[in-house]
Amino acid sequence: MVRDNCLPQYFAPFRISFPEMTPIGLSAFLFCFALPAGAAPTADIVILGEVHDNSHAHLEQAAVLETLHPTAVVFEMLTAEQGAKADADRSQIAQAWRASGWQEFDIYAPIFDAMGAARIIGAAAPREAVRAVYRDGAAALFGPEAGRFGLDQPLPDIEQTARIELQFTAHCEAMPREMLGGMVEVQRYRDATFARAALDALKLYGPPVAVITGNGHARTDWGIPALIALAAPEVTTHAIGFVEARGAAPYDETHIIPPAKREDPCKSLIKD
């Protein structure tokens, strides 16, 4: 049986004929026909979103990895150095994770248990790079490939405004909107960095490559999938958002997970 999400990628637009397919694109195409319905998503790069502190999201991501059998997994949370250390010696995974300063390793451990022999790729931008992006813009820090990922162009006004409003909400409406343009630039830089890391992994190891990242980076309209489509339109992607409530952010699949118990992150910023 052919999976429904395979058909639009190849037949609906009638843009790609067999002679035009790259080896990577052709392998994904043939894989679509080999998989039964309900199997893992088939694409060159599969982006698995998450709510970072929600253990249910990580269990769901692990379940996808168990059936996907990726060649490599790109992590938003690890720097290139931390990822290389964990990849070279799997006994160092927990230590590399702690060095990242991310959430407790225990809730992410199922992901590493499920990824098998897949290579571990770190794609986190160092803090000093993030600070420089906030000050100087994404294109200045990204390097010669900035144009390939659209970083050399300003966002359309509607998208810029929408992104600023999301940042305003994410920062508890405690920061002036005028200060949030830099946050948007950081988000663009990080999306492009993750997209480039995934494409590099695809080139080195072949499909499928998985990306573990926040739901904001997984959205198909302006996140990692959109930048991959811009930089390498021949590469197929499939993005799954594991979200606590259905919202406006678009994904190829949306899975609702039980919300995590947490204190209101804005409580300390709200004045009585």
I'd like to know whether [atom1] of [X] has more than 12 heavy-atom contacts from other residues, nucleotides or ligands below 6.0 angstrom.
| X | atom1 | result |
| --- | --- | --- |
| E263 | CD | no |
| E81 | CD | no |
| E173 | CD | yes |

Nearest heavy-atom neighbours spanning [X] and [Y]:
| X | Y | answer |
| --- | --- | --- |
| Q61 | I212 | NE2-CG2, 3.8 Å |
| A201 | V74 | CB-CG2, 4.4 Å |
| I107 | S55 | CG2-CB, 4.1 Å |
| A123 | T193 | O-CG2, 3.4 Å |
| F149 | A195 | CE2-CB, 3.9 Å |
| P225 | A239 | CG-CB, 3.9 Å |

Is [X] reaching over with its side chain to a backbone N or O of [Y], donor-acceptor style, under 3.5 angstrom?
| X | Y | value |
| --- | --- | --- |
| T169 | E165 | yes |
| N215 | E50 | yes |
| D152 | A139 | no |
| R188 | G150 | yes |
| Q82 | W97 | no |
| T71 | V209 | no |
| D44 | T236 | yes |
| Q167 | L180 | no |
| E185 | V133 | no |

> Can F242 and N54 be said to form a side-chain contact (heavy atoms from CB on, under 4.5 Å), step by step?
Replying inline: CA-CA 10 Å; F242 295 105; N54 190 314; over 6 Å; no
Indicate, with yes or no, if [Y] and [X] share a hydrophobic cluster defined by side-chain heavy-atom contacts under 4.5 Å among Ile, Leu, Val, Met, Phe, Trp and Tyr.
| X | Y | answer |
| --- | --- | --- |
| F142 | I228 | yes |
| I164 | L151 | yes |
| L230 | Y251 | no |
| I47 | V243 | no |
| M179 | F168 | yes |

>> Using side-chain contact (heavy atoms from CB on, under 4.5 Å), reason through L155 and W222 one step at a time and then give a plain yes or no.
In response: CA-CA 10 Å; L155 294 175; W222 63 53; over 6 Å; no
> Would D89 and K85 count as a side-chain contact (heavy atoms from CB on, under 4.5 Å) if you check the C-alpha gap in whole Å, the side-chain angles of each, and the deciding distance to 0.1 Å?
Replying inline: CA-CA 6 Å; D89 182 354; K85 180 179 180 180; over 6 Å; no
Going by heavy atoms in the side chains, are [X] and [Y] under 4.5 Å from each other?
| X | Y | value |
| --- | --- | --- |
| L48 | I111 | no |
| P41 | D252 | no |
| P70 | V46 | no |
| P207 | L202 | yes |
| H238 | T42 | no |
| D200 | K203 | no |

> Charged N to carboxylate O under 4.0 angstrom, E159 versus R163?
Replying inline: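 A salt bridge links E159 with R163.
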>> Check the orientation of W102 and H52. Use parallel for under 30°, tilted for 30 to 60°, and perpendicular for over 60°.
In response: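 Perpendicular, since the angle between the ring planes exceeds 60°.
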>> Ring-plane angle category for F112 and F105, please: parallel below 30°, perpendicular beyond 60°, tilted otherwise.
In response: tilted
>> Working note: L199 + R148, criterion side-chain contact (heavy atoms from CB on, under 4.5 Å); need CA distance, chi angles, decisive distance, verdict.
In response: CA-CA 12 Å; L199 289 171; R148 182 185 178 206; 3.9 Å; yes
> Which is it for E244 and R262 under the salt bridge (charged side-chain N to carboxylate O under 4.0 Å, His left out) test, yes or no, and what are the steps along the way?
Replying inline: CA-CA 13 Å; E244 294 181 339; R262 62 176 72 88; 2.8 Å; yes
